[in-house]
Number of protein chains: 2
Amino acid sequence: MTTPSDDDAIVLEQPCPIRDVLDRIGDQWSLLILEALAPGTLRFNALRREIGDISRQMLSRTLKQLEQDGFITRTLYAEVPPRVEYALTPLGRSFLEPMQQLVDWAEAHHRTIVAARARYRAEREPA
Amino acid sequence: MTTPSDDDAIVLEQPCPIRDVLDRIGDQWSLLILEALAPGTLRFNALRREIGDISRQMLSRTLKQLEQDGFITRTLYAEVPPRVEYALTPLGRSFLEPMQQLVDWAEAHHRTIVAARARYRAEREPA
DNA sequence: CCGCATCCCGATTGATACTG
DNA sequence: CAGTATCAATCGGGATGCGG
């Protein structure tokens, strides 16, 4: 078995709390998902449409991670066809507050960063 | 040329500001470096010792990224042996403020996250 | 409708050795 | 001291098709 199933997700003890958090929301999709759920509960495909260009696999994997860490809940309704709803937990919701600070900072300083990059390139491309 | 040099670092325009920031500090080392520099200027190897288990290559690459984005400055002193000092810029320092909120949140909720993981596993491993 | 298994490729990272 | 070059191994993540 060289390719373990998603169910075997490794859950290492991270001695550093912030690493836990960055590992979870530093990836490409987690933050997008959390923000998509901020207004309210969404189903799998609704979430997919909301985010736009995420594959089913990555959405599935990322949701599982977020559920595992207690940021969201997954509710399966035993209907035909199946319905699955995702929603923020209080933990997930509380996380969005400090995260918003960072988002605000990013928006406020985005131009500075872009300018720094341009300057960096300019210094290295003399002619 | 299948392995581009580090100097050819790709600088794509990210339409979403927060992505820029997460891409830069969501990696394994950037935040550690920024926090190591918070108390003051450090030289390359001092930084390496401070962080502990980072390879020279990753430290070099990450520092370059951080410099490129304007979070730190790199000052080369034309001496023998060479001396290079890294320090936070005002941008880098201002970034640490909202980031600290997130670090605090992570520390405050770490136990909750760990508990959520344990609970998740317990639910899936009946016996 | 929701999600998992498989295949596959490019990106990331470490080790090691070499340079200014 | 402060890196860079090269090689090799690993890993994330997309596409697709099957299954519940």
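All heavy atoms count here, side chains included; hydrogens, waters and symmetry mates do not. Residue numbering restarts at 1 for every chain, and letters A, B, ... go by the order of the sequence lines.
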Q: Counting heavy atoms from C-beta on, name the nucleotide in C:dA15, D:dG3, D:dA15 closest to the side chain of B:Arg56.
A: D:dG3
Q: Whole angstroms only, please: what is the CG-P distance between B:Leu59 and D:dG3?
A: 8 Å
Q: Looking at every strand, decide which applies to A:Arg74 at a 4.0 Å heavy-atom threshold: base, sugar-phosphate, or nothing.
A: sugar-phosphate
Q: Picking from D:dA2, C:dT13, D:dA15, which would you name as closest to the side chain of B:Arg43?
A: D:dA2
Q: Hey, does A:Tyr86 reach any base, or is it just sugar-phosphate, or nothing, if we go heavy atoms under 4.0 Å?
A: sugar-phosphate
Q: Out of C:dC2, C:dT13, D:dC1, which has the shortest distance to the side chain of A:Val84?
A: C:dC2
Q: What is the distance, rounded to the nearest whole Å, between atom CZ of A:Arg61 and atom P of C:dC4?
A: 10 Å
Q: Could you please name the option among D:dA2, D:dT4, C:dG3 that lies closest to any side-chain atom of B:Lys64?
A: D:dT4
Q: Taking the inter-plane angle between the rings of A:Trp105 and B:Phe95 on a 0 to 90° scale, is it parallel (under 30°), tilted (30 to 60°) or perpendicular (over 60°)?
A: perpendicular
Q: Figure out the CG/P separation between A:Asp53 and D:dG14, and round it to whole Å.
A: 8 Å
Q: Quick one: on DNA chain D, does B:Arg83 or A:Gln28 contact a more 5' nucleotide (nearest heavy atom)?
A: B:Arg83
Q: I'd like to know whether B:Gln100 forms a side chain to side chain donor-acceptor pair (under 3.5 Å) with B:Asp104, so could you lay out the CA-CA distance, the side-chain angles of the two residues, the decisive distance to 0.1 Å, and finally the verdict.
A: CA-CA 6 Å; B:Gln100 187 58 44; B:Asp104 292 344; 2.9 Å; yes
Q: Looking at C:dG3, I'd like to know if its phosphate oxygens (OP1 or OP2) sit under 4.0 Å from a side-chain N or O belonging to A:Ser60.
A: no
Q: Using whole Å, what does the distance between atom P of nucleotide C:dC2 and atom CG of A:Leu42 come to?
A: 11 Å
Q: Once you round to the nearest 0.5 Å, how far does CG of A:Leu37 lie from CZ of A:Arg93?
A: 9.0 Å
Q: Could you state the CZ-P distance from A:Arg48 to D:dG13, rounded to the nearest angstrom?
A: 16 Å
Q: Let's see if you can work this out: which of D:dT16, D:dA2, C:dA15 has an atom nearest to the side-chain heavy atoms of B:Gln57?
A: C:dA15
Q: Could you state the CG-P distance from A:Asn45 to C:dC1, rounded to the nearest angstrom?
A: 6 Å
Q: Taking it one step at a time, do A:Gln57 and A:Arg61 satisfy side chain to side chain donor-acceptor pair (under 3.5 Å)?
A: CA-CA 6 Å; A:Gln57 173 145 209; A:Arg61 286 180 183 175; 2.5 Å; yes
Q: Is the side chain of A:Thr62 donor-acceptor paired with the backbone N or O of A:Met58 at a distance under 3.5 Å, no angle test?
A: yes
Q: Please give, in whole Å, the distance from C:dG3 C1' to A:Gln65 CD?
A: 15 Å
Q: Rounded off to whole Å, could you give me the CE-to-P distance for the A:Met58 and D:dG12 pair?
A: 9 Å
